[in-house]
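Below is one structure, written out as structure tokens; the observations come after it.
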Amino acid sequence: MDARLNLFGNQVTAKTLRHINSAGKVITDSPLPPATQELVKLRASQINGCGFCTDMHTKEAAAAGESTVRLHLVAAWREATVFTEAERAALELTEQGTRIADAAGGVTDEAWAAAARHYDEDQLAALVSLIAVINAYNRLNVLVRQPAGDYTPGQFG
């Protein structure tokens, strides 16, 4: 299977990706815990049906030491006992922020308050930015049908 468009070979999309990657670097370097970042990226990618990003973030999280149990349970995090309250709040915010078209009014005050109980302002800023950025990556990959399964941890630096 080939992608509909080579995102890295096209001058316009390659330049766009460089800018999105720069935003991603700011988030990576933020005080938001790295494990939380990977869980958020994985959950948004699952919701959006982005095989490429689901493959990437599952493998990156595993390479960083995340347990297979937690990775397997991200899709069912509400019923899982392996996530902290802070991670659960981040996953709820991720789901609501990713599914904004499905819910009139967007993110609930309750979801925001739960996240704000666990994360300071800079961490919340990183979390909100991360949800927006991973959704942008997901949409690019889903639009072009980017093939999944061949990602190698660290492939993009």
Side-chain angles (χ1 to χ4, degrees), residues 1-101 115 118-119 122-157:
M1 177 179 178
D2 292 325
R4 292 171 168 162
L5 176 70
N6 182 342
L7 294 175
F8 303 104
N10 178 277
Q11 189 176 23
V12 173
T13 54
K15 186 174 182 180
T16 300
L17 286 170
R18 280 195 300 277
H19 288 286
I20 296 173
N21 289 342
S22 293
K25 176 80 168 106
V26 173
I27 298 162
T28 298
D29 294 343
S30 78
L32 185 65
T36 303
Q37 292 185 39
E38 288 302 328
L39 295 172
V40 164
K41 290 185 270 191
L42 179 55
R43 186 63 189 127
S45 299
Q46 291 170 336
I47 292 166
N48 288 322
C50 182
F52 185 82
C53 290
T54 298
D55 180 40
M56 174 192 294
H57 297 298
T58 300
K59 289 175 179 174
E60 288 292 348
E66 189 60 73
S67 77
T68 55
V69 170
R70 283 169 43 96
L71 291 175
H72 290 303
L73 288 174
V74 169
W77 66 267
R78 282 183 177 80
E79 294 81 25
T81 60
V82 297
F83 301 106
T84 67
E85 288 302 313
E87 290 167 338
R88 296 171 71 73
L91 289 166
E92 180 65 36
L93 193 65
T94 300
E95 288 200 5
Q96 290 190 23
T98 298
R99 293 183 163 141
I100 54 176
H118 296 284
Y119 299 102
D122 286 346
Q123 291 171 318
L124 275 172
L127 181 57
V128 167
S129 298
L130 177 58
I131 294 165
V133 167
I134 192 59
N135 273 280
Y137 280 122
N138 291 163
R139 279 151 177 75
L140 282 166
N141 287 318
V142 169
L143 280 165
V144 303
R145 290 190 180 161
Q146 190 69 34
D150 295 329
Y151 181 81
T152 304
Q155 181 174 325
F156 296 122

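The CD atom of Q37 lies 13.5 Å from the CG atom of L42; values are rounded to the nearest 0.5 Å. How far SG of C53 is from CZ of R139: 11.0 Å, rounded to the nearest 0.5 Å. Between atom CD of residue E95 and atom CG of residue L93 there is a gap of 10.5 Å, rounded to the nearest 0.5 Å. Rounding to the nearest 0.5 Å places NZ of K41 at 12.5 Å from CD1 of I131. Of the inter-residue distances, the one linking Q96 atom CD with L91 atom CG reads 12.0 Å to the nearest 0.5 angstrom. With rounding to the nearest 0.5 Å, the separation of OG1 in T152 from CD in Q155 is 5.0 Å.
Taking both residues in full, the closest heavy atoms of G154 and E60 are given as N-OE2, 2.6 Å, listed atom of the first, atom of the second, then distance. The heavy-atom pair separating L5 from T13 by the smallest distance is CD2-CG2, 4.1 Å. A90 and Y119 get closest at one heavy-atom pair: CB-OH, 3.7 Å. Of all the heavy atoms in Q146 and A3, the pair that sits closest is OE1-CB, 3.7 Å. In plain terms, the two heavy atoms of I47 and R99 that are nearest each other are CG2-NE, 3.6 Å.
Of the residues L32, I134, I27, L124, the one that meets the side-chain contact (heavy atoms from CB on, under 4.5 Å) test with S129 is I27. The only member of T54, N138, N141 that meets side-chain hydrogen bond (donor to acceptor under 3.5 Å, both in side chains) when paired with S45 is N138.
Within 6.0 Å of CZ in R78 there are more than 12 heavy atoms belonging to other residues, nucleotides or ligands. Within a 6.0 Å radius of CG in D29, other residues, nucleotides and ligands contribute more than 12 heavy atoms. Crowding of Q11 atom CD: a count of heavy atoms from other residues, nucleotides or ligands under 6.0 Å not exceeding 12.
Put simply, the side chain of K25 never gets that close to the backbone of I20: no donor and acceptor are under 3.5 Å apart. Side-chain atoms of R145 do not come within 3.5 Å of backbone N or O of D2 as any donor-acceptor pair. A donor-acceptor pair under 3.5 Å is formed between the side chain of N6 and the backbone N or O of F8. Without hydrogens or angle criteria, R4 side chain to L143 main chain gives a donor-acceptor distance under 3.5 Å. The backbone N or O of G51 lies less than 3.5 Å from no partner atom in the side chain of D55, so there is not a single donor-acceptor pair.
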L39 and R70: CA distance, side-chain angles, deciding distance, side chain to side chain contact (heavy atoms under 4.5 Å, CB included) verdict: CA-CA 9 Å; L39 295 172; R70 283 169 43 96; 3.4 Å; yes
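Counting heavy atoms from C-beta outward, E38 and E66 have side chains that stay 4.5 Å or more apart. Contact check for T16 versus L7: no side-chain heavy atoms found under the 4.5 Å cut-off. At least one side-chain heavy atom of T84 sits under 4.5 Å from a side-chain heavy atom of E87.
Defined by atom type and a distance below 3.5 Å, a donor-acceptor pair is present between the side-chain atoms of Y137 and N21. A donor and an acceptor atom, one from each side chain of W77 and E92, are nowhere located under 3.5 Å apart.
Considering only residues two or more places apart in sequence or on other chains, Y151 meets the ring pair (Phe, Tyr, Trp, His ring centres under 6.0 Å) condition with F156.
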